[in-house]
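Numbers for residues simply follow the sequence, beginning at 1.
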Amino acid sequence: MPPIKSFAGSDRFLAELRTPNIKPGYVLLGDEAFLYQRCRAGILDALAPPDQRDFCLHDLDLADTTIFDALDLAQTPSLMVPFQVIFVRNLKNLYGRGSKKEEFAAIDAYFRRPNPQALLIFVADHLSIPTDLRKMDYQDKERFDRIRETLGDWCGIVELARVDESDAARWLIEAAPARGVNITPDAARELVDALGADMMLISSDFEKLALYAQGKQLRIAQPDILTEGFTNIPLPTITLGDVETMVLAAKQRSLYELTDAISRRDRPQALALLHGLLNASDGGEDSAIGHLYMLARTFRQMLIILEKNVRDSRAIWSVLWQGFRMPPFAAEDLIRQARRYKSRTELTRALRLIARTDLEIRSSPPDKRLVLERLILALATEPKPHLSHSTSQFAMEL
């Protein structure tokens, strides 16, 4: 069976990591979070053993450090581990104002004589790559070309484009047996359609459906288990009815209730809903990052809705592209929430707060719940305008 087209780039990258052809650096290009998490997990599995990660894994952010520091870390051999993996987030800061000649000269100098015991992973999730590259936004196309021109000679470019709907359904069907279930084609298509081809949501709800189908089969097959054991029991199958039952329940998920409480500045309700989300998950790093991803995605959707002055759900599908749309049931709610914000500044402030929290969560804080609680309180608090010392215009307080 041919590889899934939408996964081909990340599949080639993950295979290359285990060969002598591994490059000293790669750029993960695009904001498809599901493929990014897949690549990150593959990198850690191949190059960062769990017992060494405290010393060999580094997460840097160019909003807080310089490219010179990142390159210096990569160039310096570790005394504790034989190999280092260095993720460098916020690559967009390297392409801000100014020519950045010194920065790119330093990158060029490093990659001419890279440290063979280090791997640099640049994360360029500030641009979106659609399934059809011909439909890429003009500004994203400029960013895409600029990164290729400056880093393409030294680094492997891994495109994390939006996953096509048919590819998402095929992934479900092919991934199901490894999860201990089967899924019918109708059920796979329904799940993809219901969740707007959002792979993070699809993968999350697929896990719930797998557990649901396994539990249902165990209840039905209990007499057979007692007499024949597990040998003759086929894999449970996720059916269209299962998807309709579980996705309908998922429509009541607290995410949109949480952003609704945040947009209403209802701090007690927002905290209560956050605790509900956390209690329903394992509370680990992946779970926390997943909640942050969904918050960031929802606020980005609201930002576009506000900028494009969308007033009804009929217009929303023309401004949000495939793979970046919310489930149909949430469209009216999100429009209403977006219109509660007075300006673009308020929503970009929220996105900055989420980005900072994401970095803090990835730094393994002692209490992830407390970090998320602080974020929700900040998001649900009316920002205070204050006068800048350098200008007479009002600035929005973070």
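Leu14 and Leu160 fall within a single hydrophobic cluster, where Ile, Leu, Val, Met, Phe, Trp and Tyr are joined by side-chain heavy atoms under 4.5 Å apart, directly or via other members. Residue Val88 is grouped with residue Leu127 when hydrophobic side chains (ILVMFWY) are merged at heavy-atom distances under 4.5 angstrom, including chains of intermediate members. Leu29 and Phe13 fall into different hydrophobic clusters, where Ile, Leu, Val, Met, Phe, Trp and Tyr are joined by side-chain heavy atoms under 4.5 Å apart, directly or via other members. Linking Ile, Leu, Val, Met, Phe, Trp and Tyr residues whenever their side-chain heavy atoms come within less than 4.5 Å leaves Ile43 and Val27 in two separate clusters.
The closest donor-acceptor contact from the side chain of Asn90 to the backbone of Leu62 lies at 3.5 Å or more, if one exists at all. Formation of a donor-acceptor pair under 3.5 Å by the Asp242 side chain with backbone atoms of Thr239 is found in this model. Side-chain atoms of Asp167 never come within 3.5 Å of backbone atoms of Ile4 as a donor-acceptor pair (strictly under, hydrogens ignored). Put simply, the side chain of Ser10 never gets that close to the backbone of Cys39: no donor and acceptor are under 3.5 Å apart. A side-chain donor-acceptor contact under 3.5 Å links Arg53 to the backbone of Ala48. Not a single donor-acceptor pair under 3.5 Å links the side chain of Asp186 to the backbone N or O of Arg189. A donor-acceptor pair is defined here as one N or O able to donate and one able to accept, closer than 3.5 Å; such a pair exists between the side chain of Ser203 and the backbone of Met200.
Using a 4.5 Å heavy-atom cutoff, the side chains of Gln214 and Leu211 are in contact. Taking the side chain as every heavy atom from C-beta outward, Leu17 and Leu119 approach each other to under 4.5 Å. Under the 4.5 Å side-chain criterion, counting only non-hydrogen atoms from C-beta, Leu375 is not in contact with Leu274. Contact check for Arg179 versus Glu207: side-chain heavy atoms found under the 4.5 Å cut-off. Between Glu360 and Arg374, the closest side-chain pair of non-hydrogen atoms falls below 4.5 Å. With contacts defined as side-chain heavy-atom distances shorter than 4.5 Å, the pair Glu103/Leu94 qualifies. Residues Asn309 and Arg339 meet the side-chain proximity criterion, which asks for heavy atoms closer than 4.5 Å.
Shortest non-hydrogen contact noted between Leu271 and Ile376 is N-CG2, 4.2 Å. Listed here is the closest heavy atom pair of Gln337 and Thr259: OE1-OG1, 2.7 Å. For the pair Ala33 and Tyr293, the tightest heavy-atom approach, listed with the atom from each and the gap, is CB-CE1, 3.0 Å. The minimum heavy-atom distance between Ala168 and Val192, with the atom names listed, is CB-CG2, 3.8 Å. Residues Pro383 and Arg265 approach most closely at CD-NH2, 3.9 Å, considering heavy atoms. The two residues Ser128 and Asp140 have their closest heavy-atom pair at N-OD2, 3.2 Å.
With rounding to the nearest 0.5 angstrom, the NE2 atom of His126 is 9.0 Å from the CG atom of Asn93. Here the CG-NE2 distance, from Leu120 to His58, works out to 10.5 Å after rounding to the nearest 0.5 Å.
For the pairing with Glu346, the side chain to side chain contact (heavy atoms under 4.5 Å, CB included) check across Arg349, Lys342, Arg344 returns one residue only, Lys342. Checking Val310, Ile304, Leu334 one by one against Leu320, the side chain to side chain contact (heavy atoms under 4.5 Å, CB included) holds for a single residue, Ile304. Here the options are Ile129, Asp137, Ile157, the test is side chain to side chain contact (heavy atoms under 4.5 Å, CB included), and the partner is Phe144; only Ile129 passes.
No side-chain donor from either of Gln84 and Ser78 sits under 3.5 Å from a side-chain acceptor of the other. When only modelled atom types and interatomic distance are considered, Tyr36 and Glu32 share no side-chain donor-acceptor pair under 3.5 Å.
A distance below 6.0 Å separates the ring centres of Phe34 and Trp171.
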Residue pair Asp45, Arg18: steps toward the salt bridge (charged side-chain N to carboxylate O under 4.0 Å, His left out) verdict: CA-CA 10 Å; Asp45 183 55; Arg18 298 181 181 275; 2.6 Å; yes

Show your reasoning for whether salt bridge (charged side-chain N to carboxylate O under 4.0 Å, His left out) applies to Arg162 and Asp31. CA-CA 8 Å; Arg162 299 291 176 185; Asp31 64 351; 3.0 Å; yes

Hey, mind stepping through Asp145 and Arg148 against salt bridge (charged side-chain N to carboxylate O under 4.0 Å, His left out) and telling me if it holds? CA-CA 5 Å; Asp145 292 340; Arg148 278 189 171 277; 5.8 Å; no

Assess the residue pair Ile238 and Leu191 against the criterion (side chain to side chain contact (heavy atoms under 4.5 Å, CB included)); give the C-alpha distance rounded to whole Å, side-chain angles, the decisive distance to 0.1 Å, and a yes or no. CA-CA 11 Å; Ile238 299 170; Leu191 183 58; over 6 Å; no

Kindly determine whether Asp260 and Arg340 satisfy salt bridge (charged side-chain N to carboxylate O under 4.0 Å, His left out), including the steps that lead there. CA-CA 10 Å; Asp260 182 69; Arg340 290 179 182 145; 2.7 Å; yes

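For residues 73-87, no pair satisfies salt bridge (charged side-chain N to carboxylate O under 4.0 Å, His left out), with sequence neighbours left out. Judged as a salt bridge (charged side-chain N to carboxylate O under 4.0 Å, His left out), not a single pair has a partner in residues 63-87 (not counting sequence neighbours).
Cation-pi geometry between Arg146 and Tyr95 is not met at under 6.0 angstrom from the ring centre and within 45 degrees of the axis.
Between Phe111 and Trp154, the ring planes are parallel. Angles under 30° get that label, and only those over 60° would be called perpendicular.
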